[in-house]
Amino acid sequence: MSLGSPIVKEYFRSDRLPHIWCPGCGHGVIMRGVVMAIDNLKLDKKKVCVVSGIGCSSRASGYMDFNTLHTTHGRALAFATGVKLANPELEVIVVTGDGDCTAIGGNHFIHAARRNIDITTIIFNNKIYGMTGGQYSPATPLHEVGTTAPYGTVDPDFDICKLAVGAGSSYVARSTAYHANQLIKYIQKGIENKGFSVIEAISGCPTYYGRKNKKGDAVDLMNYYKDNALDIKAAEKLPEDKKVGKFLTGEFHHEAKPEYVSEYMKIVEKVQKERSENE
Amino acid sequence: MEQEQKKKKNLKTIREWCKGCGICVAFCPVKVLELENEKVKVLDYDKCTRCGLCELRCPDLAIYLEEDQNE
């Protein structure tokens, strides 16, 4: 008999569990959050396609029992765009990491956002390259340490949500592995949004990020996110000195605008109609 | 009534999947969990309120609530 909760039995390949992630890695919490969002929305499993790239985060597609596609580094969104255009009826969900999405796949990311294609992207942001040994990523905060920045990075980090909004995404939100219920709610709203949705999920990496930056173990990282996450609406009312050292969570952007697959299909229909009229 | 319904749920753990990170122990509101030999152990099933926060934040899907199959 397979192990696990009713949710695990329904939506996970439990013969693949336990997963390979380190003790206390936030990725497991976020992966469960994606599945809970799908369960809450009562989506048909056969109509969901989970696409991932390369890295710790991208292992998630192997554990989740949907149509899944584990692709090449940074290219999850490129494959997902193909999947969505070929099968617009599928609910396409991309699971990717901070490095996979904003470094190696940075171009795919901004262009998927610009097109506003109906894909929900969940970025598992552990602020470091975990799988390859703790190199700093575009999301590693300035002056923090990675194996490739032993004295601290001099590269300012991306604000992934601002990047996503600037590039044209129609739904953008950020939460953390600690705030798992809020995260599930944002993923649900992202899936429901017809357009490109980005949910940045801050994940604790105790093995590399936590240890190298002396931020403690899994529980310490969870407590850090608990104590330092500041809701964007609450932040608007706070004086600047109360925001020092905090990071913003919440819904940053939500707008209705033309979606790529629909617009593409309109062109196809228009040209087909014109051609049939000319024949 | 609500409490009775909650009590019908069983709190279960999977030793083989638990990696002993301690997140469930740290964030249990009624402190009924502990680590024993780096694996989660439920200290007091009666005190557990079945709030489900352990299941929500367990990265390893190793602790969960389930309706009692025997009733």
Side-chain angles (χ1 to χ4, degrees), chain A residues 1-33 35-36 56 59-60 63-64 124 126 176-185 201 203-207 210 216-226, chain B residues 2-71:
Chain A
M1 205 185 93
S2 61
L3 287 170
S5 68
I7 287 292
V8 169
K9 283 179 185 145
E10 177 68 22
Y11 297 106
F12 285 90
R13 295 168 181 150
S14 52
D15 58 325
R16 298 278 169 208
L17 296 170
H19 54 61
I20 60 151
W21 294 319
C22 303
C25 170
H27 283 15
V29 185
I30 300 165
M31 176 173 70
R32 182 181 175 280
V35 162
M36 289 309 296
C56 292
R59 298 292 300 218
Y63 303 121
M64 298 162 78
F124 292 47
N126 59 1
T176 81
Y178 175 80
H179 304 84
N181 273 328
Q182 184 193 48
L183 178 66
I184 293 166
K185 190 181 87 184
S203 174
C205 171
T207 303
D217 62 13
V219 173
D220 295 326
L221 284 170
M222 288 292 253
N223 271 318
Y224 177 81
Y225 300 135
K226 177 187 168 194
Chain B
E2 195 188 340
Q3 200 65 20
E4 270 175 36
Q5 275 181 347
K6 276 184 173 177
K7 286 289 175 191
K8 278 188 184 170
K9 285 186 175 177
N10 278 335
L11 178 65
K12 298 192 173 176
T13 59
I14 306 172
R15 258 186 91 78
E16 298 91 321
W17 292 2
C18 176
K19 293 175 187 158
C21 68
I23 288 174
C24 60
V25 177
F27 297 106
C28 171
V30 286
K31 303 289 170 211
V32 295
L33 303 171
E34 73 163 9
L35 290 181
E36 188 182 71
N37 299 324
E38 298 187 341
K39 300 281 176 186
V40 64
K41 186 186 169 192
V42 184
L43 290 175
D44 190 343
Y45 282 95
D46 287 334
K47 231 176 116 189
C48 169
T49 62
R50 274 69 170 170
C51 69
L53 287 180
C54 49
E55 181 176 1
L56 181 73
R57 300 203 182 98
C58 172
D60 295 293
L61 311 160
I63 186 164
Y64 61 96
L65 294 168
E66 191 173 40
E67 299 287 340
D68 198 336
Q69 304 293 331
N70 301 323
E71 283 182 46

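Residue numbers start from 1 in every chain, and the chains themselves are labelled A, B, ... in the order their sequence lines are given, proteins ahead of strands.
There is no contact between Ser203(A) and chain B, counting heavy-atom distances below 4.5 Å. Interface remark: Glu55(B) contributes backbone and side-chain atoms alike to the contact with chain A (heavy atom separation under 4.5 Å).
Put simply, the side chain of Leu61(B) does not reach to within 4.5 Å of the side chain of Tyr63(A), judged on heavy atoms. Contact of the Asn223(A) side chain with the Phe27(B) side chain is registered, since non-hydrogen atoms from C-beta on lie closer than 4.5 Å.
Closest approach of Pro23(A) and Cys21(B) over heavy atoms only: C-CB, 3.9 Å. Of all non-hydrogen atoms in Val219(A) and Ala26(B), the two that sit nearest each other are CG1-CB, 3.4 Å.
Chain A forms more heavy-atom pairs under 4.5 Å with one residue of Lys19(B), Glu16(B), Glu38(B) than with any other, namely Lys19(B). Counting heavy-atom pairs closer than 4.5 Å to chain A, the top residue among Leu65(B), Ile14(B), Leu56(B), Leu53(B) is Leu56(B). Of the listed residues Cys22(A), Gly4(A), Cys25(A), Pro6(A), the one with more heavy-atom pairs under 4.5 angstrom with chain B than any other is Gly4(A).
Taking CG of Asn181(A) as the start and CZ of Arg57(B) as the end, the distance is 7.5 Å to the nearest 0.5 Å. Here the CZ atom belonging to Arg32(A) is positioned 12.5 Å from the CG atom belonging to Asp60(B), to the nearest 0.5 angstrom. How far OH of Tyr64(B) is from NZ of Lys9(A): 5.0 Å, rounded to the nearest 0.5 Å.
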